[in-house]
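Beneath this line is the structure, given in structure tokens, with notes to follow.
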There are 2 protein chains.
Amino acid sequence: MKKIPLATIQRLLVYYRHLNIIAEGDEEVISSSKLGEAVGVPSTQLRKDLSYFGEFGCKGVGYNINDLKECLAKILTLNKNRDLVLIGAGNLGRALVNFPGFRKMGINIVEVFDNDLDNIGNIIGELTVKNIKDLERIIVDRGIKTAILTTPREGVQSLVDRLVKVGIKAIWNFAPVPLKLPDDVVVYYEDLSSSIVTLMYLLYNT
Amino acid sequence: MKKIPLATIQRLLVYYRHLNIIAEGDEEVISSSKLGEAVGVPSTQLRKDLSYFGEFGCKGVGYNINDLKECLAKILTLNKNRDLVLIGAGNLGRALVNFPGFRKMGINIVEVFDNDLDNIGNIIGELTVKNIKDLERIIVDRGIKTAILTTPREGVQSLVDRLVKVGIKAIWNFAPVPLKLPDDVVVYYEDLSSSIVTLMYLLYNT
DNA sequence: TAGATTGTTAATCGATTAACAATC
DNA sequence: TAGATTGTTAATCGATTAACAATC
């Protein structure tokens with residue numbers, strides 16, 4: 001299989017969301033140009049993106065809205081439930097646990113950890129913040145493969161080393177630290193400071 | 001001036017942060033390969049990134065840590081204070097207002113708005129949540145140019161239309177909605193659902 | 001001077017866009 | 001059949017990487 005650009009995967013969810021909205025309407029079918037226009041993507045790129053995964057349309061007609069929606073859900077495995085842990089029960093961690101829409105896509109944060117006694121024991125949504133010293137035991141017990149890091153920068157690398165040791169294979173990292181990881185662990189960096197600084201740069205340099 | 005890739009801008013902050021850390025140490029100078037290795041960027045890309053903005057190094061020697069740090073701060077205008085408003089005082093909005101590190105880079109969230117009477121009047125950090133109907137007046141009064149959107153998806157476009165009308169020129173949008181905007185308004189989409197779904201895709205497809 | 005390292009040009013790689021045959 | 005639209009190949013564009021002359 002040819003390598004699929006990351007940007008393509010990200011666009012699939014954008015397509016999915018719009019299909020979800022228009023699935024409520026009367027139309028059964030949509031063309032790549034209509035859908036593309038609605039989400040700000042050239043129709044030719046939309047078709048290219050889909051072509052990595054198969055043929056979903058009907059020449060001369062377009063795409064069946066419900067079918068395409070389901071196909072995208074399947075590609076992105078939105079139907080399967082995924083259990084994750086979150087580490088760092090600060091403001092951002094709390095926001096993510098309560099984030100609307102994760103559940104709907106099968107993203108379930110099932111444990112929250114912290115190392116601060118002020119936070120341990122607190123309730124966030126339906127979860128109780130647990131002591132980070134129980135991290136390993138609980139991750140192994142539940143067979144968890146994905147961790148969200150919303151901790152301060154300090155100590156993130158050693159935390160990650162602990163996670164890797166107990167079988168974590170995917171990390172969503174909000175700490176602005178480049179991580180050293182084995183090749184079989186995937187990581188996604190979410191760098192909010194970088195985002196806003198980039199936006200400010202664009203504002204004053206375009 | 002040649003067009004500068006967005007990815008270059010984003011990497012500048014990564015360099016800056018590492019320089020900030022090692023500025024505490026004993027070394028005065030660092031080579032592009034050392035710095036690059038520390039942050040996971042090839043040295044040749046680091047030099048290329050810098051070359052868009054000038055010559056900061058010394059052949060045969062490397063870069064003066066403090067000088068380069070200051071140059072990057074200047075390029076990214078981290079020294080100038082920027083006033084922003086945030087709209088949507090939910091969990092995520094609260095997290096951003098309290099986000100550590102924004103202040104240090106001159107990013108000051110100076111007003112928070114919401115349309116929910118349960119939220120209006122609440123205290124977040126040092127701010128009081130204001131009624132969104134005063135949005136226009138306050139933005140004009142304070143001459144604010146940048147808005148952060150942490151509202152639900154519904155109604156974002158009409159909110160954005162209001163913002164544009166009173167002179168907002170940059171938008172950091174956390175709502176998963178493609179916005180229709182004039183050409184002179186810059187936007188940065190922060191799509192947290194897309195991030196985690198992409199990570200899950202990578203986990204199960206690599 | 002010899003070794004190190006920059007800044008930059010040229011080559012490569014990968015993603016986006018254009019064009020169009022296939023076909024509903 | 002004529003018009004519309006897909007899926008895909010080829011062309012373009014842009015970013016990354018390699019190579020190396022300049023020079024500290």
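When reading the values below, keep in mind they use all heavy atoms of this one structure, side chains included, and skip hydrogens, waters and symmetry mates. Letters A, B, ... mirror the listed sequences (proteins, then strands); counts begin at 1.
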> Any idea which of C:dT16, C:dC24, C:dT6 is nearest the A:Val61 side chain?
Replying inline: C:dC24
> Rounded to whole angstrom units, what separation is found between the CG atom of B:Leu6 and the P atom of C:dA15?
Replying inline: 17 Å
> What's the OH-P distance between A:Tyr52 and C:dG14, to the nearest Å?
Replying inline: 11 Å
> Can you find a pair of side-chain heavy atoms, one from A:Tyr15 and one from A:Asp49, that are under 4.5 Å apart?
Replying inline: yes
>> Rounded to whole Å, please give me the gap between CG in A:Asp49 and P in D:dT8.
In response: 14 Å
>> Between P on D:dA15 and CD1 on B:Ile4, what's the gap in Å once rounded to a whole number?
In response: 11 Å
>> From the set C:dA15, D:dT16, D:dA15, return the single nucleotide nearest to any side-chain atom of A:Pro5.
In response: C:dA15
>> As a test of reading the structure: which of D:dT16, C:dT8, C:dT6 is closest to the side chain of B:Arg11, going by heavy atoms?
In response: D:dT16
> Nearest-Å distance, NZ (B:Lys3) to P (C:dT16)?
Replying inline: 14 Å
> What dot-bracket string describes DNA chain C from 5' to 3', counting Watson-Crick and G-U wobble pairs whose defining distances are under 3.5 Å, with [ ] for crossing pairs and | for pairs to another strand?
Replying inline: ..||||||||||||||||||||||
>> Please report the distance, rounded to the nearest Å, between OH in B:Tyr15 and P in C:dT6.
In response: 12 Å
> So what does A:Ser32 touch, heavy atoms closer than 4.0 Å: a base, only the sugar-phosphate, or nothing?
Replying inline: sugar-phosphate
>> Measure NZ/B:Lys34 against P/C:dA4 and give the value in whole Å, please.
In response: 11 Å
> side chain to side chain contact (heavy atoms under 4.5 Å, CB included) with B:Ser31: which residues, sequence neighbours excluded?
Replying inline: B:Ser33, B:Lys34
> Is B:Gln157 reaching over with its side chain to a backbone N or O of B:Lys180, donor-acceptor style, under 3.5 angstrom?
Replying inline: yes
> Atom CG of A:Leu50 to atom P of D:dT6: distance rounded to whole Å?
Replying inline: 9 Å
> Could you write nucleotides 17-22 of chain C as a row of B, S and -, 5' to 3', where a protein heavy atom under 4.0 Å of any base atom gives B, of only sugar-phosphate atoms gives S, and otherwise -?
Replying inline: SBB--B
> Are a donor atom and an acceptor atom from the side chains of A:Asn79 and A:Lys74 found within less than 3.5 Å of each other?
Replying inline: no
>> Between A:Asn173 and A:Val177 (side chain of the first, backbone of the second, donor and acceptor by atom type, cut-off under 3.5 Å), is there such a pair?
In response: yes
> So, is B:Tyr63 close to the C:dA4 phosphate, meaning a side-chain N or O under 4.0 Å from OP1 or OP2?
Replying inline: no
> Does A:Glu27 CD have over 12 foreign heavy atoms under 6.0 Å away?
Replying inline: no
> Is B:Glu136 atom CD crowded by more than 12 heavy atoms from other residues, nucleotides or ligands, each under 6.0 Å away?
Replying inline: yes
> Would one find more than 12 heavy atoms of other residues, nucleotides or ligands at under 6.0 Å from atom CD of B:Glu126?
Replying inline: no
> Do the non-hydrogen side-chain atoms of A:Leu181 and A:Ile171 ever get within less than 4.5 Å of each other?
Replying inline: yes
